[in-house]
Structure formats: C-alpha cells, structure tokens
K.L.:
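Here you go, one structure.
Chain identifiers are assigned alphabetically (A, B, ...) following the order of the sequence lines, protein sequences preceding nucleic acid strands; residue numbering begins at 1 within each chain. Computed from a predicted model, the values in this text were never measured in an experiment.
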2 protein chains.
Amino acid sequence: MRWLSAEEQRIWRGFMTAVTTFSEHLDRQLQRDAGMPMAYYEILVALSETPGRALRMSELAMMCHSSRSRLSHAVAKLEKEGWVVRRACPSDRRGSIAELTDEGFAVLEAAAPGHVTTVREHLFDVLTPEQLRALDGISRAISAGLSTECDRARAEVPEF
Amino acid sequence: MRWLSAEEQRIWRGFMTAVTTFSEHLDRQLQRDAGMPMAYYEILVALSETPGRALRMSELAMMCHSSRSRLSHAVAKLEKEGWVVRRACPSDRRGSIAELTDEGFAVLEAAAPGHVTTVREHLFDVLTPEQLRALDGISRAISAGLSTECDRARAEVPEF
DNA sequence: GCATCCTGGTTGAGAGTTCAACCATCGCGT
DNA sequence: ACGCGATGGTTGAACTCTCAACCAGGATGC
C-alpha cells in the first residue's frame, strides 16, 4: 500500500478544504436567501428545465445524482411547501411524477440570481480561463474514475 | 446580473457532480470499512498528528474547518465510542481538551490504509502531474476567494 | 470590585441524509 | 395463467448537521 507524499497530502487537503468551504458557503447563501438547501434547489432546476416541468422520480433522481430515498424525502418536503406536486404516472402504475408548480417556479426564479451571482463570484471570477479549462478536464477525469468503479462492480456480478 | 454561459454551466455542473460523487464515495467507503463518516475521521487524524494527541476544542475546530457546534456533537459521539476523551483545560477553565485514546488511535490506524487507497485510486491515479499542479492552483484560488469574503464582512463592521 | 462584553463550549430542536426494509407493479419465462 | 426476480417508489429509524439559545469563565473599563 502506497501512502501519500507530503506534496500529495498538501494538494489533497487543500482541495477538500476549498470544496467543502465553497459548498457550505453556497448552501448557506441559498438557505438564507431562498429558504432551501442546494440539493432542493437542484431539484427545482431539473424540473424547470424539462418540457412540461415534470419528471418521473427515477429520472429526476438521475438528473440530481440523488438516491431514490433522498429524493423521495426531498420531494415530500417540496410538496408540503407547495413548490411541487406529485401525480401518478399513466404508463406505469408504480411510477410517480413530480411536477413543478407555478409557485415553485416563481420561488426558483427569485432564488436563481443570488445563487448564480455567488457561483460566479467564487468560482468563475477567481479562476483564469486556463484554470477553467483545466478544471473541466479534472472533473471529467474524476467522474470517469468513479463511473468505471461502478462498471467494475457490475462486471463482478457472476454471469454478467 | 450576469448569467452563466452554456460553457460555464457545463463546467460548473461537471465540477459539482465530480466533487459530490467523489466525496459520497469516500464517505461510504469509510462508513463501511471504519464505521465513521469522513468528518469524524478528520477529527481523529488531526488529533493523531498533534504532539500529545490532544487539542483544545477550538483549535481542533479550526484544523477540521468545522463549527464549534458540529465538533462538540462529533466529539461527544467519538467519546461514546471510546475513541476520544475530554478533559478540562488547566490554563483556561472554560476550555476543554479532546484527547485521542489508544483505542481511537488503533481504529484510525486500521481505517487509514483503505481511505488512502481510495483517495489515491480516484484522485491521484486519474490525474496527470500537470492536472495535479493545476488543481493545487485552483484550490488555492477558490479558498482565497472565500476568505477574502470573510475579510470583507469583517471590514463592514463599523469602527473596525 | 463590579458591570460589561467577548470567548469557549455545550445543548436542543429542527432539518436533511442514509440505510435497510417494505409494498406494489412490471416483465419475463414457462 | 402463474411464479419470480427486477424495478419504482415510499417509509421509519438512526445519524449528522445547522442554527440559535444558553451558560460559564476570561478580559477590559471604570
């Protein structure tokens, strides 16, 4: 087993610090200005970008990179707020469809500018175009490394 | 107010996806193999690296970039597990000192290899040396952008 | 000495996440 | 038609985090 060098540790810790501080900052901003955490904001965004502003729970879960359970709890809360409604799926009786309400859309419209401004201010404004290009590549590489993980797991299943 | 371009959105979402998937993966690995979330692991690491394996709560909070409240809850749990003990601070009667127990150290030693391996596998193994250098700069820039935020807030306080 | 403010730390309630268990339905093979 | 494994989704309990309230002890000013 290979440990991390001092240099690797520095990079690793710096990365985690930056990322967690950043996302805590974003979460706090959204919670303060829009009364919801970022995970819930993402749900509203995903719905708002879909034609019909409605999606099946499982598709919504994929879009938000969320577990079914998490999404179910979250949508329950959003429904209680009146920002989303759930209705049955006509083609599959198991299914359930979440739809963004007009009020939910209005809330999202009100929340978006502050959120986008925060993202721009702390990400795009502090990085050079070159760093942004690098970040793009880094994100892809990390994501690819994680999804091949899943593939490997899937490949381990006998008779697959 | 300036919206994000399509390209910026792509980078932004890709970045968040990579980061959240990655840290969820790490959290799950630690939870499964060591029975604790990453935040708690970080606490044990910070203590283990301090001479005497003990730190005041406030210093520990800074090291872990954690709020006092979060740390207090976390250390309470770690104490219940027997991995940490709390004792009074001799120089400041308000203070409280968290100390890593031998059992806590043993648990940490057992957990470390799996954690390091996961980090290496999904971060250092998937990035080129050039990307790692870029990541270092990016992390610094983001962290700097967030701390100047605090400075500005501090500067806004009247008579400061 | 004492009033006042600040700092260190804890606590409790409320919100969000995780995990495993669960139910209903679908799809497929026979 | 029937059995059966896979899928879609929900639920409850345990856990973690956040936020605000709080208490105790230091520090400063008079």
K.L.:
Do the side chains of Met16(A) and Met38(B) get nearer than 4.5 Å, heavy atoms only?
P.N.:
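A side-chain contact exists here, since the closest heavy-atom pair is under 4.5 Å.
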K.L.:
Could you list by number each residue of residues 52-65 of chain B showing a heavy-atom separation from DNA chain D of less than 4.0 Å, or answer none if no residue does?
P.N.:
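Correct list: empty, so none.
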K.L.:
Indicate yes or no: at least one non-hydrogen side-chain atom of Ser96(A) is less than 4.5 angstrom from one of Arg87(A).
P.N.:
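No. Closest side-chain heavy atoms not under 4.5 Å.
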K.L.:
Identify, residue by residue, the members of residues 30-50 of chain B with a heavy atom below 4.0 Å from DNA chain D, and return them in order of residue number, or none.
P.N.:
Pro37(B), Ala39(B), Tyr40(B)
K.L.:
Test salt bridge (Lys or Arg N to Asp or Glu O under 4.0 Å) on Glu79(A) and Arg86(A) and set out the steps.
P.N.:
CA-CA 7 Å; Glu79(A) 195 168 25; Arg86(A) 266 183 291 201; 3.1 Å; yes
K.L.:
Going by heavy atoms closer than 4.0 Å, what residues in residues 71-86 of chain A are next to DNA chain D?
P.N.:
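Those residues are Ser72(A), His73(A), Arg86(A).
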K.L.:
Is it true that Glu59(B) and Arg56(B) have a side-chain N and a carboxylate O under 4.0 angstrom from each other?
P.N.:
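Result for this pair is no, no salt bridge flagged.
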K.L.:
Quick one: how far along DNA chain C does chain A reach, first to last nucleotide 5' to 3', anything under 4.0 Å to a heavy atom?
P.N.:
dG16(C) to dC26(C)
K.L.:
Less than 4.5 Å apart, side chain to side chain, heavy atoms only: is that true for Phe105(B) and Leu44(B)?
P.N.:
no
K.L.:
Parallel, tilted or perpendicular: which describes the rings of Phe22(B) and Phe15(A), with under 30° parallel and over 60° perpendicular?
P.N.:
parallel
K.L.:
Between Ile11(A) and Trp3(A), is there shared hydrophobic-cluster membership here, with clusters defined by ILVMFWY side-chain heavy atoms closer than 4.5 Å?
P.N.:
yes
K.L.:
Please name all residues satisfying side-chain hydrogen bond (donor to acceptor under 3.5 Å, both in side chains) with Arg120(B), sequence neighbours left out, ordered by chain then number.
P.N.:
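Result, side-chain hydrogen bond (donor to acceptor under 3.5 Å, both in side chains) vs Arg120(B): Glu8(A).
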K.L.:
Calculate the interatomic distance between Asp27(B) atom CG and dC15(D) atom C1'; express it in whole Å.
P.N.:
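Atom CG in Asp27(B) sits about 12 Å away from atom C1' in dC15(D).
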K.L.:
Taking any heavy-atom pair under 4.0 Å as a contact, classify Ser69(A): base, sugar-phosphate, or nothing.
P.N.:
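If one applies the 4.0 Å heavy-atom cut-off, Ser69(A) turns out to touch a base.
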K.L.:
Is the shortest side-chain heavy-atom distance between Ser66(A) and Ile43(A) below 4.5 Å?
P.N.:
no
K.L.:
Should the pair Arg13(B)-Glu49(A) be classified as a salt bridge under the 4.0 Å nitrogen-to-oxygen rule?
P.N.:
yes
K.L.:
Are His122(B) and His25(B) packed together at the side-chain level, in the sense that at least one heavy-atom pair is separated by less than 4.5 angstrom?
P.N.:
yes
K.L.:
If you define the side chain from C-beta out and look only at heavy atoms, does anything of Leu146(A) sit under 4.5 Å from Ile142(A)?
P.N.:
yes
K.L.:
Could you verify whether a donor N or O on one side chain and an acceptor N or O on the other, from Asp33(A) and Gln29(A), lie under 3.5 Å apart?
P.N.:
yes
K.L.:
Do the side chains of Glu7(B) and Arg10(B) get close enough for a salt bridge, i.e. N-O under 4.0 angstrom?
P.N.:
yes
K.L.:
Could you walk me through whether Arg53(A) and Glu99(A) pass the salt bridge (Lys or Arg N to Asp or Glu O under 4.0 Å) test, one step at a time?
P.N.:
CA-CA 6 Å; Arg53(A) 290 180 189 166; Glu99(A) 180 173 3; over 6 Å; no
K.L.:
Please list each protein N or O that sits under 3.5 Å from an N or O in nucleotides 22-25 of chain D, with the distance.
P.N.:
residue, atom, partner, partner atom, Å
dG25(D), N2, Arg94(B), NH1, 3.3

